[in-house]
Amino acid sequence: MSYKQTNIFDFLIDTFTSKIDNIKDTRRQRDDIKYSLKDIILSAFSIFYFQSKSWLSFQTKMATSRGSSNAQTMFGIDNIPSDNHIRNILDKIKPEAFKVIYDKVIEYLEK
């Protein structure tokens, strides 16, 4: 198994994306929900990945001026939520909901 950065990154994104459906979305399912749980969780991950708290605002500006951003092309985020929106939604999700993702990543790294 190769440990190239892009392979690990792709694995992380694929794992997050495939396991997000198992996380219960506690929001009321209304037609006006603007951000999917996938976009919220991947946006939060992108902040930690790049270790920059202003990264999401930069991505929003990039998408506006260039038509796309790294958030869209690298992480597959359709709509970039605000930092506050991310916190408000993630604070309602129990940490245990992410255990399956954590376990999968640890398993990959141990190999």
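- One hydrophobic cluster, built from ILVMFWY side chains closer than 4.5 Å, holds both M74 and I80.
- Hydrophobic clustering places L109 together with V100 (ILVMFWY residues linked when any side-chain heavy atoms are closer than 4.5 Å, directly or through intermediates).
- D78 meets the side-chain contact (heavy atoms from CB on, under 4.5 Å) test with K38, D39; sequence neighbours excluded.
- Residue Y102 is not grouped with residue I8 when hydrophobic side chains (ILVMFWY) are merged at heavy-atom distances under 4.5 angstrom, including chains of intermediate members.
- No continuous path of hydrophobic side-chain contacts links F58 to I77 [ILVMFWY only; heavy atoms under 4.5 Å].
- Not a single salt bridge (Lys or Arg N to Asp or Glu O under 4.0 Å) links D83 to another residue, sequence neighbours left out.
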Side-chain donor-acceptor distances from residues 59-69 under 3.5 Å, at least two apart:
unit_1 : atom_1 : unit_2 : atom_2 : d
Q59    : OE1    : N70    : N      : 2.7
Q59    : OE1    : A71    : N      : 3.0
T60    : OG1    : L56    : O      : 3.0
T64    : OG1    : T60    : O      : 3.0
S65    : OG     : K61    : O      : 3.2
S65    : OG     : M62    : O      : 3.4
S69    : OG     : A71    : N      : 3.3
S69    : OG     : Q72    : N      : 3.3

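- Not counting sequence neighbours, N79 has no partner by the side-chain hydrogen bond (donor to acceptor under 3.5 Å, both in side chains) test.
- In the hydrophobic clustering of this structure, F9 groups with I47; members are Ile, Leu, Val, Met, Phe, Trp, Tyr whose side-chain heavy atoms approach within less than 4.5 Å, directly or through other members.
- Between N22 and I101, every side-chain heavy-atom pair lies at or beyond the 4.5 Å cut-off.
- Under the 4.5 Å side-chain criterion, counting only non-hydrogen atoms from C-beta, I40 is in contact with R27.
- With rounding to the nearest 0.5 Å, the separation of CZ in F45 from CG in L12 is 4.5 Å.
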Name each donor-acceptor pair under 3.5 Å that joins a side chain in residues 86-98 to protein atoms two or more places apart or in another chain, with its distance.
unit_1 : atom_1 : unit_2 : atom_2 : d
R87    : NH2    : N84    : OD1    : 2.5
N88    : ND2    : N84    : O      : 3.3

Residues 14-21, side-chain donor-acceptor partners within the protein, below 3.5 Å, at least two apart:
unit_1 : atom_1 : unit_2 : atom_2 : d
T15    : OG1    : F11    : O      : 2.8
T17    : OG1    : I13    : O      : 2.8
S18    : OG     : D14    : O      : 3.0
S18    : OG     : T15    : O      : 3.2

